[in-house]
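To start, the structure under review is shown below, and the notes come after it.
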Amino acid sequence: MTAVGSLNRSFASSNRAAETSGVLYVPRVQPLDGALGALSFFTRLLKNPLRILPAAAYEEGIVWAERAGRLVCWITDPALIKTVLLDRRDVFERTSVTQRLLGPLLGNGVLTADGADWKWQRQTAAPVFRHHDLLSFVPVIAEAAERLLGEWRQDEAGATRNIDRDMTLVTFDVISHTLLPGGESHVGPLIGRANVDYQKPLGWQMAYANFKIPAWVPHPGWLKMQLARRRLRSAVASLVAERRANPTGKDDLLQRLANAKNPETGAQMPDELLIDNLLTFFMAGHETTAKALTWTLFLLARAPQWGNRIAEEVRQVAGDGPLKPEHIDKLVITTQVLKESMRLYPPAPIMSRQARVDSELGGAPIKAGTQIIIPIYAIQRHRRRWTNPDHFEPGRFAPEVEAQIPRYHYMPFGAGPRICIGMAFSLIEGIAILATLARAASFGVAPGSDPEPISRVTLRPAGGMPLSVHLR
Ligand code: HEM
C-alpha cells in the first residue's frame, strides 16, 4: 500500500467516525514515525512536507534530527519558540531554504529581508495596517463577497464549485480594491494560474534544498515556475511604472512604499525593491486568507450545524443587508469558527529560522546554519497542549475560553516582531467574507472528496476543494 493510499484510507474511515460521534474529527496528516532511507525521505518530503513532521513533535517540546549531514531541530515548546522568535531573535534569522523558495519571486522585500533591511520596510508599511482604519474596508470586502455570490446564483442549484479557486479570486479582488488598488488590471489576469504554477513545484525546490541539489536542476514544472515568476514580476513592474507616472496623492500601501526613503541612505525605494514588496503584499495578502476560507468552508460542509449558527448570527447582527464595519466585532460565532479552522488548518503551516552564529538552544550547542523548524501545524494539534486536538470545536475560541489559551500554543500568524503584519486585515476580511457567504449558502462535500492538506508555503488541499453550494 502506498503512503497516499493509506493516508486517504485513514481520512475516509475517520470521517465515518465523525459522523457517529457528532463532533467533527479531522485527522492530522500521518506523522513520520521512525527513520527512513534517503530516497523514501525525499519522496515523502516531495509529496508533502507535513509528512516528515516527526511524531515526537506532537508529543515533546524539541526534536533533533540529522538531514543530509546537517542538524535540524523541530520546536513546539512555548519557551523555546519565545526564545527563537522574540528573546534571541538577533541570533535566529530567515533561513536559506526560505530564501531559496521565495527569494526568486519576492526578492528582498519585507517578508524575506532581515536586519536593518527588514526594519525600515516594515516600519514603512505598518501605518497602513491599523485595525480601526482597516475596518473602513468592510463594505468593499462585502461587495467582493457579493460579487462571488452573484456568480453562485447563476449556477444550477447544488452545483459543485472549485472553492479553492473561488476563495483565491475573491481575496485577490479584495486586496486589489483596498490596499493595492490597480492590482486588478495588471496582476489580476495572472492570479489563479501564475501562483499555482509558481507554488506547485515548490515541493521539488524544498526537497532539493534539503538534499543540497542546486536550484537550476530542472524538475517537473520548473519551466512553468520560471515563466510564472517572470510574468508576475513584469505585471507588477507595469503597475509601478503607471503609478510613478501618475501619482494619486492617496495614502495607500502602494503610494507609501513608492514614497519611502531608506533612513540610512536617504534614497527612495528602488523600483526592484518596490516590486519585491508589492509582490509580497499581493501574494501574502490574498493567498493565506484564501486558504483560511477554503478550509473553513470545508469544515462547514462537514459540520453544517456551524454554518447554520453563523447564518443565524449574521442575520441577527446585520439583517439581510450588507455587512458594515460596526458588525465585525459582534460576529462572535463567525470569529470562533474562523479561528478554530486556522488551528486545524493553519494557512501558513510551517515557519523556520536558522542560527546566524554558533549558539545553543534548549541547553544543546548548535552550529551556525542549524535549521530550526517551528511547525505551526503540530503546535496547534499538540497532544499534550490541546484536549481533543483533532476535533473541530469552535467553542475553544469563545472569548472567555480563548483568554485561557497560553501564548505560543496557538499562533497561525507567527509571533514576535515579525508577526504577520496583515493579521488584523485578514481577520476582518475573513470574518466579513465568511459571514456574507454562510448567511447565503450552505456547503456539501462532493462524493469521494477528502483532501489532504499539503504544505506549499501555504496549506493547499490536494486536488483542490470541490464543494457543492446550496443557496439558502
Ligand atoms: C489568514 C491569513 C494569514 C496568515 C495565516 C498569515 C500568516 C503569517 C505568518 C505565520 C507570518 C510569519 C512568518 C515568519 O515569521 O516566518 C506572516 C508574515 C507576514 N505576512 Fe501574513 N498571514 C496572513 C495574511 C496576511 C495578509 C492579509 C498580509 C498582507 C496584507 C500578510 C502579509 C505578511 C507579511 C508582509 C509578512 C512578513 C512580516 C515580517 O516579516 O515582518 N499576511 N504571515
Side-chain angles (χ1 to χ4, degrees), residues 81 84-86 89 92-95 97-99 101-102 105-126 128-131 133-134 137 141 167-168 170-172 174-180 183 252-254 256-257 276-296 335 338-354 371-377 379-380 408 410-434 455 457-459:
I81 298 171
V84 171
L85 295 183
L86 186 65
R89 59 185 183 270
F92 299 99
E93 58 184 10
R94 284 270 185 267
T95 66
V97 178
T98 303
Q99 201 52 45
L101 297 184
L102 298 181
L105 189 64
L106 309 182
N108 201 29
V110 64
L111 182 77
T112 28
D114 257 314
D117 277 353
W118 161 75
K119 198 167 182 188
W120 79 276
Q121 298 185 66
R122 173 107 188 183
Q123 283 171 347
T124 301
V128 180
F129 289 92
R130 283 191 210 104
H131 182 80
D133 299 343
L134 296 172
F137 291 139
I141 299 170
M167 294 306 112
T168 301
V170 74
T171 53
F172 185 79
V174 167
I175 192 100
S176 58
H177 284 99
T178 52
L179 294 175
L180 297 169
D252 62 31
L253 181 57
L254 203 167
R256 274 199 79 83
L257 292 166
D276 293 347
N277 274 305
L278 291 177
L279 258 178
T280 299
F281 283 108
F282 270 123
M283 294 319 217
H286 84 286
E287 186 54 26
T288 37
T289 314
K291 291 297 166 279
L293 286 164
T294 298
W295 289 109
T296 306
T335 306
L338 185 66
K339 287 184 173 170
E340 173 68 343
S341 160
M342 288 196 290
R343 183 185 70 80
L344 290 167
Y345 296 103
I350 301 175
M351 286 172 58
S352 58
R353 295 291 188 266
Q354 74 186 18
Q371 307 276 312
I372 316 290
I373 319 280
I374 306 170
I376 299 178
Y377 185 81
I379 291 166
Q380 297 183 167
Y408 308 106
Y410 179 73
M411 43 180 293
F413 295 100
R418 300 204 69 157
I419 192 168
C420 177
I421 198 172
M423 179 168 71
F425 181 84
S426 65
L427 282 172
I428 293 169
E429 178 186 6
I431 294 166
I433 293 179
L434 178 58
S455 169
V457 182
T458 56
L459 195 67

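From a predicted model like this one, the values you see are computed outputs, not experimental measurements. Position 1 is the first residue of the sequence, and the numbers go up from there. Ligands are counted one by one from 1 in listed order, and the atoms in each one are counted from 1 as well.
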According to the interplanar angle, ranging from 0 to 90°, do the rings of Tyr345 and Trp295 count as parallel (below 30°), tilted (30 to 60°) or perpendicular (above 60°)?
parallel
Atom [atom1] in [X], atom [atom2] in [Y]: separation rounded to 0.5 Å?
{"X": "Leu253", "Y": "Leu278", "atom1": "CG", "atom2": "CG", "value": "7.0 Å"}
{"X": "Asp276", "Y": "Asn108", "atom1": "CG", "atom2": "CG", "value": "6.5 Å"}
{"X": "Leu111", "Y": "Gln121", "atom1": "CG", "atom2": "CD", "value": "10.5 Å"}

Give yes or no for whether the N/O distance cutoff of 3.5 Å, strictly under, is met between Ser352 and ligand 1.
no
Evaluate Arg353 for polar contact with ligand 1, using N/O atom pairs at a separation under 3.5 Å.
yes
Which atoms of ligand 1 have any heavy atom of [X] under 4.0 Å away?
{"X": "Phe281", "value": "29 (C), 35 (C)"}
{"X": "Leu179", "value": "30 (C)"}
{"X": "Trp118", "value": "39 (C), 40 (O), 41 (O)"}
{"X": "Phe425", "value": "27 (C)"}

Which pair of heavy atoms, one from Pro347 and one from Thr288, lies closest together, and at what distance?
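Pro347 and Thr288 have their closest heavy atoms at CB-O, 3.4 Å.
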For [atom], the protein heavy atom that lies nearest, with its residue and separation:
{"atom": "atom 38 (C) of ligand 1", "result": "Arg122 NH1, 3.3 Å"}
{"atom": "atom 12 (C) of ligand 1", "result": "Arg418 O, 3.8 Å"}
{"atom": "atom 5 (C) of ligand 1", "result": "Pro412 O, 3.4 Å"}

Carefully, step by step, assess Ile433 and Ile141 under the rule side chain to side chain contact (heavy atoms under 4.5 Å, CB included).
CA-CA 7 Å; Ile433 293 179; Ile141 299 170; 3.6 Å; yes
Minimum side-chain heavy-atom gap Met351-Leu85 below 4.5 Å:
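SC-SC contact between Met351 and Leu85 confirmed.
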Below 4.5 Å, heavy atoms only, C-beta onward: do Phe92 and Ile374 meet side chain to side chain?
no
Closer than 4.0 angstrom, basic N to acidic O: yes or no for Arg89 and Asp114?
no
So, Tyr377 side chain and Leu459 main chain: donor-acceptor pair closer than 3.5 Å or not?
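No; zero donor-acceptor contacts below 3.5 Å.
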Does Arg94 have a non-hydrogen atom less than 4.0 Å from ligand 1?
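Distance cut 4.0 Å: Arg94 passes for ligand 1.
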Measure the distances from the heavy atoms of Met342 to every atom of ligand 1 and state whether one is below 4.0 angstrom.
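Under 4.0 Å: yes for Met342.
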Can you list the residues that meet the side chain to side chain donor-acceptor pair (under 3.5 Å) rule with Gln354, with sequence neighbours excluded?
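Side chain to side chain donor-acceptor pair (under 3.5 Å) list for Gln354, sorted by chain: Ser96, Gln371.
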Everything protein-side that's N, O or S and under 2.8 Å from atom 21 (Fe) of ligand 1: list it, residue and atom.
Cys420 SG
